[in-house]
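Quick caveat: nothing in here was measured; it's all calculated off a predicted structure. Throughout, protein chains are lettered first and strands after them, A, B, ... in sequence-line order, and every chain is numbered starting at 1.
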There are 2 protein chains.
Amino acid sequence: MVETTRRREIEDVASELFREHGYSGTSVRDIARALDIQGASLYAHVASKQDVLWSIVDRTASQFEAAADAALADLGDAEPMARLRALALAHVGVVVEDIGRASVFIHEWRSLSPERRARTLTRRDAYEQRFRDVIREGIVAGTFAPIDPTVAAAYLLTALNGLVAWYQPDGRLGPSSVTDAYVELSIRAVSGAAADEAS
Amino acid sequence: MVETTRRREIEDVASELFREHGYSGTSVRDIARALDIQGASLYAHVASKQDVLWSIVDRTASQFEAAADAALADLGDAEPMARLRALALAHVGVVVEDIGRASVFIHEWRSLSPERRARTLTRRDAYEQRFRDVIREGIVAGTFAPIDPTVAAAYLLTALNGLVAWYQPDGRLGPSSVTDAYVELSIRAVSGAAADEAS
DNA sequence: CCTACCGATCGGTAGG
DNA sequence: CCTACCGATCGGTAGG
């Protein structure tokens, strides 16, 4: 199963390059150079550059979905706040665990072929729907502030995704402290009464 | 002053294309085509493709700075919450006002030449410092939850910047309702005691 | 995984 | 703002 390993190596290297320079800004030869092989040799392992992007995006989408599934499976019918907390924690966990792939999934979907882009956006919408649903339930329950669940979910997810813009795995802040802070900020953002409605 | 107008047109068109396809994914001929001129004709108005990106980024950076200055000028020594609210409102205002340029400023700085990228990151850090400062003051004053100001500022700014990922000027939601919701979510995210420390 | 190579497109220049 | 053109690089193929 050497091919699978090599394929993963290619995707690892490509993720980092796509993250840093974008899909368009990364050439097939850039990827090959990072692997110490010739540009054309890459085609012994992949069908196309687009194929590499698709593998990264598709696999990472599955990771986000699986993490959300696992997070909610434990909770069942727990309170909305506990479930939103679990969703946020699962999301940040995937981001922190593989920031290169997460970054590509989040930012490079525009470079997918039209059909794949459409499929990916549909999956992302379904994923985001989980956030919208739990936020809506929390509002009904009175736990969360009365705010448009679509706006709130978009806000939270882009905030959590923003981690890829600055987080460094070997930086000053450890993964758990950043994760905790991000979850805490997110929960508080939607909690309680509106901050400017003190009356 | 025809040149200035034409120059602006070029930057307007380029902003939209850079936003949609990235700097690397947009060719000089793409920009020219959108203006109904030949690719080479663009060089009668600009020195290089990089030059266009730089103009957009530089001008937009100034807009964010000016908006923050104006927002704080009115307030002087008001409470941290009022000042953070003003900063957030100013920031979202610039984003909503010209989402194309804002998106390029936020995402395409990686494509700047090394020197310009460094200068831009320095400016961004100074801008973000205003958020860190007011958050820190709010924590000291007891208005905001005790959280790392650097993490909180990064969270808030990426959340606000996330608007460019989904907001459509002619969409279902008007600019003021989205702006208000974003400011409200941001203020609440940092306000009060930690959500999970009820004791 | 390599060498040799392909047509297409890239950013940019010359000269008007 | 145009035509004509440049060298470099692009993603990808052929054949081993």
Side-chain angles (χ1 to χ4, degrees), chain A residues 1-58 104 107-117, chain B residues 1-58 104 107-117:
Chain A
M1 207 63 63
V2 172
E3 276 313 294
T4 302
T5 300
R6 194 54 163 162
R7 175 79 196 214
R8 283 282 186 140
E9 273 184 293
I10 292 170
E11 288 173 27
D12 283 344
V13 159
S15 293
E16 275 310 312
L17 290 170
F18 291 168
R19 184 197 177 194
E20 232 174 307
H21 309 289
Y23 177 76
S24 300
T26 303
S27 72
V28 168
R29 286 160 179 82
D30 289 334
I31 301 170
R33 192 178 308 116
L35 293 162
D36 266 314
I37 61 175
Q38 294 298 313
S41 302
L42 210 67
Y43 290 90
H45 304 97
V46 306
S48 66
K49 183 184 165 190
Q50 169 75 209
D51 177 50
V52 176
L53 175 62
W54 174 240
S55 293
I56 296 168
V57 169
D58 189 49
V104 172
H107 287 124
E108 302 300 324
W109 55 268
R110 286 167 205 272
S111 294
L112 289 170
S113 66
E115 182 205 342
R116 288 169 168 173
R117 183 169 59 220
Chain B
M1 211 64 60
V2 172
E3 277 311 296
T4 302
T5 301
R6 195 53 163 162
R7 174 79 196 213
R8 284 283 187 139
E9 274 184 293
I10 291 170
E11 289 174 26
D12 284 343
V13 159
S15 293
E16 275 311 311
L17 291 170
F18 290 167
R19 183 195 179 198
E20 232 173 306
H21 308 289
Y23 177 77
S24 300
T26 303
S27 72
V28 167
R29 285 160 180 83
D30 289 334
I31 300 171
R33 192 179 308 117
L35 293 161
D36 266 315
I37 60 176
Q38 294 298 313
S41 302
L42 209 67
Y43 289 90
H45 303 98
V46 305
S48 66
K49 183 184 165 190
Q50 168 76 207
D51 178 49
V52 177
L53 174 63
W54 174 241
S55 292
I56 296 168
V57 169
D58 188 48
V104 172
H107 288 123
E108 300 301 324
W109 56 268
R110 286 168 205 271
S111 294
L112 289 170
S113 66
E115 181 205 345
R116 287 168 169 173
R117 183 170 60 222

Checklist entry - If you measure from the Lys or Arg side-chain nitrogens to the Asp or Glu carboxylate oxygens, is any gap between A:Lys49 and A:Asp30 under 4.0 Å? => result no

Checklist entry - When you check every protein heavy atom under 4.0 Å of nucleotides 3-16 of chain C, what one-letter string (B, S, -) results, 5' to 3'? => result BB-----SBBB---

Checklist entry - Could you go step by step and tell me if A:Asp12 and A:Arg7 meet the salt bridge (charged side-chain N to carboxylate O under 4.0 Å, His left out) rule? => result CA-CA 9 Å; A:Asp12 283 344; A:Arg7 175 79 196 214; over 6 Å; no

Item to check | Main-chain N/O of B:Thr26 paired to B:Glu20 side chain as donor or acceptor, under 3.5 Å | outcome: no

Checklist entry - If you take all heavy atoms of A:Ile10 and A:His45, which pair is closest and at what distance? => result CD1-CB, 3.5 Å

Checklist entry - Are the side chain of B:Tyr23 and the backbone N or O of B:Leu112 linked by a donor-acceptor pair below 3.5 Å? => result no

Checklist outcome for this item: When every non-hydrogen atom of A:Ser15 is compared with those of A:Val104, the smallest separation belongs to O-CG2, 3.5 Å

Checklist entry - Is it true that A:Glu9 and A:Arg6 make a salt bridge, defined as a side-chain N closer than 4.0 Å to a carboxylate O? => result yes

Checklist entry - If you take all heavy atoms of B:Val13 and B:Ala34, which pair is closest and at what distance? => result CG1-CB, 3.4 Å

Item to check | Whole angstrom value for the distance that separates P of D:dC1 from CG of B:Asp36 | outcome: 10 Å

Checklist outcome for this item: Counting only Watson-Crick and G-U wobble pairs with both atom distances below 3.5 Å, the stems of 3 or more consecutive pairs that include DNA chain C are C:1-16 with D:1-16

